[in-house]
There are 2 protein chains.
Amino acid sequence: MTGSTENQRAAPRSDATRATILAAARERFAADGYEKATIRAIARDANIDPSMVMRYYGNKAGLFAAAVSIDPQLPGLPVEPREEIGRTLVRHFLTLWEENGELTALMRVGATDPAAADRMGSVLREQLIPLARHVGPEPEQAPARAALCASAVLGLALTRYVLRFPASVALSREEIVDWLGPTIQRYLTAPTP
Amino acid sequence: MTGSTENQRAAPRSDATRATILAAARERFAADGYEKATIRAIARDANIDPSMVMRYYGNKAGLFAAAVSIDPQLPGLPVEPREEIGRTLVRHFLTLWEENGELTALMRVGATDPAAADRMGSVLREQLIPLARHVGPEPEQAPARAALCASAVLGLALTRYVLRFPASVALSREEIVDWLGPTIQRYLTAPTP
DNA sequence: AGCGTTGGCCAACACTTGTTGGCAACCATG
DNA sequence: CATGGTTGCCAACAAGTGTTGGCCAACGCT
């Protein structure tokens, strides 16, 4: 099964539908969450038979795992104007969220599924906390500071992209950066209050 | 059917199981979200037959509506040391969240169900925005300021009570007040950045 | 006692879900 | 041409869902 020693005869057209399924899955998961996004609905969106989804991705969990891959490249961020890191982070997360809607899906699912929740937590553990340790004072406070940053960023994502509060959706990118930037900056670098 | 012109003969013992069902429903909804919290599971928790749930609450939606009633009495808050309103609000929300877990249920459900999302939004509309209008400068900015406060508070609730990030759970009540208080204060009262 | 009302359970319905196996068409290679 | 693997669809399965109606036991009344 897909174990190919010499599979170079031009991409089979299955790859096309494979991608189509994945795209449909992303949209559905983002829009409806895990349970309400049924395989049948996803297959219908992709103009494909439900059984094909199973063939390509094994089961629903596998499809979800494939649909939502997350890695905000935090280590690649410019830390340099150190008093600007708050704004930089907010901008980074905003583009991240607007470019791929899978993040919304991940939040919707994480609200009920522990596995997805842990997946979000891994970003905190492996990227945000190290960043906080690197950029802020008193390294042993890094987890707390990072958690606060996460709550600020995810809170905005929640009200804006998941719950879609009109007042939150109405905020412009610049407003958000101007308001949230200093908050993140303080959470990361300010001395303990 | 239940159309009673004269139903005053002392609380029937059905009220007891009625309450038992409601309690079980709250826990299940909070723990599992709307779809995964099945009527059968709730009934099992309440040591009752599933059909009783239907009899008492009509249908699943009705049960959820009854289980999750939310009204943070924001208007009743002391606004007075006006430079303390940030801390006051954070403390208020923390106790609110710790006293009744239905709020966690509401967030879990709001992540996928638009009706529940709107229900959360109503709190913003009817209580937070008026508060922001009353306490902050430039009343026409009240929606934006209130939305930012909501994102901060809900973000913490998300990471702490829903996703249960260890780093967020580890925060003490005082730490949270000390960190989030100034943030809310700034969102509400600071001049436009 | 007999009566109706109430609180409760059981079994079943109709439906949707994820998932599986069999079968028809294609397409490149021998 | 034949062959074998790929790509796809159809029909069905078993399990779980919300929901309904009928039946039984206990209680309060006259």
Side-chain angles (χ1 to χ4, degrees), chain A residues 1-25 28-29 31-67 108-109 112-113 115-116, chain B residues 1-25 28-29 31-67 108-109 112-113 115-116:
Chain A
M1 25 320 242
T2 77
S4 53
T5 51
E6 48 204 340
N7 248 0
Q8 216 58 5
R9 37 185 165 212
R13 71 177 179 289
S14 85
D15 286 9
T17 61
R18 226 186 135 87
T20 309
I21 293 178
L22 208 66
R28 273 289 175 193
F29 279 133
D32 297 343
Y34 190 78
E35 347 263 345
K36 296 191 79 175
T38 72
I39 287 194
R40 282 173 165 89
I42 293 173
R44 203 176 318 124
D45 288 359
N47 289 321
I48 221 76
D49 189 87
S51 65
M52 301 307 298
V53 179
M54 305 300 299
R55 247 204 236 240
Y56 284 136
Y57 295 97
N59 51 25
K60 192 179 180 181
L63 174 63
F64 180 75
R108 283 217 153 87
V109 177
T112 31
D113 182 34
Chain B
M1 27 318 242
T2 77
S4 52
T5 51
E6 47 204 341
N7 249 359
Q8 214 60 5
R9 37 178 162 225
R13 71 175 181 288
S14 85
D15 285 9
T17 62
R18 227 186 133 87
T20 309
I21 294 178
L22 207 68
R28 272 290 176 194
F29 279 133
D32 298 342
Y34 190 77
E35 347 263 345
K36 298 192 76 175
T38 72
I39 286 195
R40 281 175 167 87
I42 294 173
R44 203 175 318 123
D45 288 1
N47 289 320
I48 220 76
D49 189 85
S51 65
M52 300 308 297
V53 178
M54 306 300 300
R55 255 216 238 219
Y56 284 138
Y57 294 97
N59 52 24
K60 192 179 180 180
L63 175 63
F64 180 76
R108 284 216 153 89
V109 177
T112 32
D113 181 35

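In what follows, every heavy atom counts, from backbone to side chain, and hydrogens, waters and symmetry copies are set aside. Lettering of chains follows the sequences in order, A, B, ..., and the numbering in each one begins at 1. The shown structure was predicted, so the numbers you read here are calculated from the model rather than taken from an experiment.
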Would you check if [X] and [Y] make a side-chain contact, meaning some heavy-atom pair closer than 4.5 Å?
X       : Y       : value
A/Arg28 : A/Asp45 : yes
B/Tyr34 : A/Glu35 : no
B/Phe29 : B/Leu63 : yes

Round to a whole Å and report the spacing from [atom1] of [X] to [atom2] of [N].
X       : N      : atom1 : atom2 : answer
A/Arg18 : D/dT7  : CZ    : P     : 10 Å
A/Asp15 : D/dT7  : CG    : P     : 8 Å
A/Ile42 : C/dT19 : CD1   : P     : 11 Å
A/Asp32 : C/dT16 : CG    : P     : 16 Å
A/Ile39 : C/dT19 : CD1   : C1'   : 8 Å
A/Lys60 : C/dT19 : NZ    : P     : 8 Å
B/Lys36 : C/dG18 : NZ    : P     : 13 Å
B/Ile21 : D/dG18 : CD1   : C1'   : 15 Å

Main-chain N/O of A/Arg18 paired to A/Tyr57 side chain as donor or acceptor, under 3.5 Å: yes
Please give me every residue in residues 47-58 of chain B whose heavy atoms get under 4.0 Å of an atom in DNA chain D, ordered by residue number. B/Ser51, B/Met54, B/Arg55
Going from CG on A/Asp49 to CZ on A/Arg55, what distance comes out if it is rounded to the nearest 0.5 angstrom? 10.0 Å
Which atom pair, heavy atoms only, marks the closest approach of A/Pro50 to A/Ile39? O-CG2, 4.0 Å
Is there a donor and acceptor pair, one atom on the side chain of B/Arg40 and one on the base of D/dG16, closer than 3.5 Å? no
